[in-house]
Amino acid sequence: MAQGEDIIALVGSRTASQIKDTIQALNVKLTKEDLGRIDRIMPKEEATSSYMLDVDIDSKGLFHAKQ
C-alpha cells in the first residue's frame with residue numbers, strides 16, 4: 001500500500017485464519033526509513049515475475065492486458 005498505486009499485493013489465502021492475518025497487515029505502518037530499506041533490498045522496478053501477465057490497471061482498479 002505504501003509503495004504506490006502501481007504495486008499490487010497478491011493474496012492467496014486458503015483458510016479463514018489466513019484471511020484474518022492478511023487483513024491485519026493493513027495495520028502495519030511503514031516509515032520512510034522502512035520503505036528506503038525495502039527499496040535498497042528490492043527496488044520495485046526489479047520486483048517482477050515471469051509468471052505474471054503484463055497488465056495495466058484502470059481508474060476502477062480493473063486489470064487490462066497490455067497490448
Side-chain angles (χ1 to χ4, degrees):
M1 297 276 193
Q3 293 289 327
E5 293 182 15
D6 60 333
I7 302 296
I8 302 167
L10 298 178
V11 179
S13 299
R14 294 183 183 161
T15 67
S17 176
Q18 289 173 331
I19 293 170
K20 183 178 177 182
D21 290 342
T22 299
I23 292 170
Q24 289 299 317
L26 293 171
N27 295 321
V28 174
K29 304 298 181 207
L30 299 174
T31 65
K32 288 182 182 182
E33 292 79 17
D34 294 331
L35 295 173
R37 184 166 184 243
I38 292 168
D39 192 54
R40 286 190 299 279
I41 294 169
M42 175 57 72
K44 67 180 182 178
E45 296 80 18
E46 295 179 23
T48 61
S49 174
S50 61
Y51 63 87
M52 296 298 298
L53 295 175
D54 195 13
V55 298
D56 285 319
I57 302 174
D58 68 18
S59 62
K60 295 179 182 176
L62 301 174
F63 295 92
H64 301 278
K66 290 184 178 178
Q67 300 297 329

Taking only distance into account, with no hydrogens and no angle test, what donor-acceptor pairs under 3.5 Å do side-chain atoms of residues 22-29 form with protein atoms, sequence neighbours excluded?
from, atom 1, to, atom 2, distance (Å)
Thr22, OG1, Gln18, O, 2.9
Gln24, OE1, Asn27, ND2, 3.0

(request) Could you tell me the separation between the OG1 atom of Thr31 and the CZ atom of Arg37, rounded to the nearest 0.5 Å? (result)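 Between Thr31 OG1 and Arg37 CZ, I get 10.5 Å after rounding to 0.5 Å.
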(message) With rounding to the nearest 0.5 angstrom, report the OG1 to CG distance, Thr15 to Asp21.
(response)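 Answer for the OG1-CG pair, Thr15 versus Asp21, is 7.5 Å.
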